Number of protein chains: 2
Amino acid sequence: MILELQWEALLSRAGCRITEPRRVVMRVLEQAQRPLTPQEILERGKLLHPNLGLVTVYRTLELFESLDLVCLVHREGGCHGYLLSAPGHRHVLMCDSCGRAVEFPGQDDLAQLIDRVQQHTGYAVGDHLLQLFGLCPECQEASGSSVP
Amino acid sequence: MILELQWEALLSRAGCRITEPRRVVMRVLEQAQRPLTPQEILERGKLLHPNLGLVTVYRTLELFESLDLVCLVHREGGCHGYLLSAPGHRHVLMCDSCGRAVEFPGQDDLAQLIDRVQQHTGYAVGDHLLQLFGLCPECQEASGSSVP
DNA sequence: TTCTTAATGATACTTTTTTTCATCAAAAGA
DNA sequence: TCTTTTGATGAAAAAAAGTATCATTAAGAA
């Protein structure tokens, strides 16, 4: 509820309109527990708004990304999906098995590392991309019980 | 030179043949200072071996990746490229301006962070993806002199 | 050298993403 | 209230990216 008001206010403030397709995309992302591809968002969105178009999904994601409402999640294979992102939390931890993703903070730990890298390389580090992969508690249990 | 022997030995050991197209892809990556897309590798490779095929580039990259000879570099926009990778160094630092990329180690710093995240979330963290973005020394100078 | 078979590259095909454009609808102004 | 303006949409088409098939080639062992 609060989240809803937040993103709508953000859009308004940016001079954008609150439209039905945008609400649909946001709702789909809110209900998802893992990163979704544009195609997946379209499929789920059509259930809420049958004549949703794929192009609109792409444009909406682009808009949301520019407002830091969603973040792009990368996987080793190169494929990626969009995940709703809480402000300030740009780090994602994803389950290799079920895809469920959560965010976590971690600015401080990286600050040291970044300092050191800057001194070693001479680069001026600005942004970063950190993602962890592993098994969520549920999938650990499941794999634990299947391999006794 | 040493690198060349290394990867050839690795391929042989894996039961793969050392072919001209593979040498070409490797040479292109060696000469590149930034991550290259399959298309870019094809273009550059054709200069050395005119009838190189795109499919072969994809397959060669897949092979090299499975042997950890190259790594996939992700960018915010989702686009990515392949970079020659020194063994053990899986972290990339890329220049936002010229695309030049270098690798750096950083296992220890992350170990703490990962420990903490594991305790907070209950996830069992296995792999990770860390990339830093910024300006390389050359581009810092260039941007510094243009904005006095 | 010869032989076996992994590897190649041309072609066709599927999937994903971008562009274009006519239409629609929500704000803004008279 | 009624236009006018402009942002937003969705269909269609085009472009780009990636994958599968298969006859041919050539690497490397015998």
Side-chain angles (χ1 to χ4, degrees), chain A residues 7-28 35-67 69-70 72-82, chain B residues 4-5 7-29 35-67 69-70 72-83:
Chain A
W7 75 264
E8 294 195 353
L10 245 161
L11 248 66
S12 293
R13 216 170 304 146
C16 300
R17 296 177 183 169
I18 316 299
T19 66
E20 189 57 18
R22 286 173 181 173
R23 280 204 201 89
V24 167
V25 170
M26 180 53 77
R27 195 159 311 150
V28 166
L36 299 180
T37 65
Q39 283 292 348
E40 290 173 322
I41 294 171
L42 177 69
E43 282 163 28
R44 299 182 183 203
K46 271 182 178 294
L47 301 178
L48 305 171
H49 184 71
N51 60 340
L52 177 66
L54 179 59
V55 183
T56 300
V57 174
Y58 274 99
R59 281 186 294 223
T60 302
L61 289 172
E62 193 177 10
L63 172 64
F64 284 179
E65 201 185 3
S66 74
L67 296 172
L69 288 168
V70 302
L72 203 51
V73 176
H74 302 259
R75 305 192 72 164
E76 307 90 86
C79 89
H80 54 272
Y82 288 85
Chain B
E4 189 171 338
L5 294 177
W7 74 264
E8 295 195 353
L10 245 160
L11 249 65
S12 291
R13 216 171 303 146
C16 301
R17 295 178 183 174
I18 315 300
T19 67
E20 189 56 20
R22 287 174 179 173
R23 281 205 200 90
V24 167
V25 170
M26 181 52 77
R27 193 158 311 148
V28 166
L29 288 171
L36 299 180
T37 65
Q39 284 292 345
E40 289 173 322
I41 294 170
L42 177 69
E43 282 163 30
R44 299 181 185 204
K46 270 182 179 295
L47 301 177
L48 304 172
H49 186 71
N51 61 340
L52 179 66
L54 179 59
V55 183
T56 299
V57 173
Y58 275 100
R59 282 186 293 222
T60 303
L61 289 172
E62 193 178 8
L63 171 65
F64 284 0
E65 202 184 3
S66 74
L67 295 173
L69 288 169
V70 301
L72 205 50
V73 176
H74 302 259
R75 306 192 70 163
E76 306 90 89
C79 87
H80 54 272
Y82 289 84
L83 189 74

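Numbers restart at 1 for each chain; the letters A, B, ... are given by sequence-line order, proteins then strands. Bear in mind that the values here come from a model prediction, so they are computed numbers and not experimental data.
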Margin query: Without decimals, in angstroms, what is the distance between B:R13 CZ and D:dG28 P?
Written below: 15 Å
Check: Is there a side-chain polar atom (N or O) of B:H49 under 4.0 Å from OP1 or OP2 of C:dG9?
Finding: yes
Next item on the list: Would you kindly give the CG-to-P distance between B:L52 and C:dA7, to the nearest whole Å?
Entry: 16 Å
Margin query: If you assign B:R17 and A:G15 each to the DNA chain D nucleotide with the nearest heavy atom, which residue ends up on the more 5' nucleotide?
Written below: A:G15
Item checked: Length of the line joining B:R23:CZ and D:dA26:P, which is rounded to integer Å -> 14 Å
Note to self: Measure CG/B:L11 against P/C:dA6 and give the value in whole Å, please.
What the structure shows: 15 Å
Check: If you pin B:V55 and B:R22 to their nearest nucleotides in DNA chain C, which one's is more 5'?
Finding: B:R22
Next item on the list: Give B:L54 one of three labels, base, sugar-phosphate or nothing, depending on what nucleic acid heavy atoms sit under 4.0 Å from its own.
Entry: nothing
Check: Does a salt bridge link B:R59 with B:E62, judged by any charged N lying under 4.0 Å from a carboxylate O?
Finding: no
Notebook entry, point to check: Roughly how far, to the nearest 0.5 Å, is CG of B:L11 from CZ of B:R22?
Noted result: 5.5 Å
Note to self: Is A:T56 close enough to D:dG10 that one of its side-chain N or O atoms is under 4.0 Å from OP1 or OP2 there?
What the structure shows: yes
Next item on the list: Take the protein atom CD1 of B:I18 and the nucleotide atom C1' of C:dT5, then report the distance between them rounded to whole Å.
Entry: 16 Å
Checklist line | Most 5' of B:T60 and A:R59 on DNA chain C, judged by nearest nucleotide | finding: B:T60
Check: DNA chain D: A:L63 or B:Y58, which has the more 5' nearest nucleotide?
Finding: A:L63
Checklist line | Rounded interatomic separation in angstrom, taking CD from A:E62 and C1' from D:dA8 | finding: 14 Å
Check: Out of D:dA17, C:dA7, D:dG10, which has the shortest distance to the side chain of A:N51?
Finding: D:dG10
Check: Which distance, rounded to the nearest 0.5 Å, do you find between the CG of A:L72 and the CG of A:L61?
Finding: 9.0 Å
Notebook entry, point to check: C:dG9, C:dT16, D:dT9: which one has an atom nearest the side-chain heavy atoms of A:Q39?
Noted result: C:dT16
Check: Could you give the distance from NZ (A:K46) to CG (A:L54), rounded to the nearest 0.5 Å?
Finding: 9.0 Å
Check: Hey, what do you get for CD1 (A:I41) to CE (A:M26), rounding to the nearest 0.5 Å?
Finding: 10.5 Å
Check: Does OP1 or OP2 of C:dA6 have a side-chain N or O of B:T19 closer than 4.0 Å?
Finding: no
Check: Whole-Å distance between C:dC24 C1' and A:E20 CD?
Finding: 15 Å
Notebook entry, point to check: Rounding to a whole Å, what distance do you find between B:L61:CG and C:dA7:P?
Noted result: 15 Å
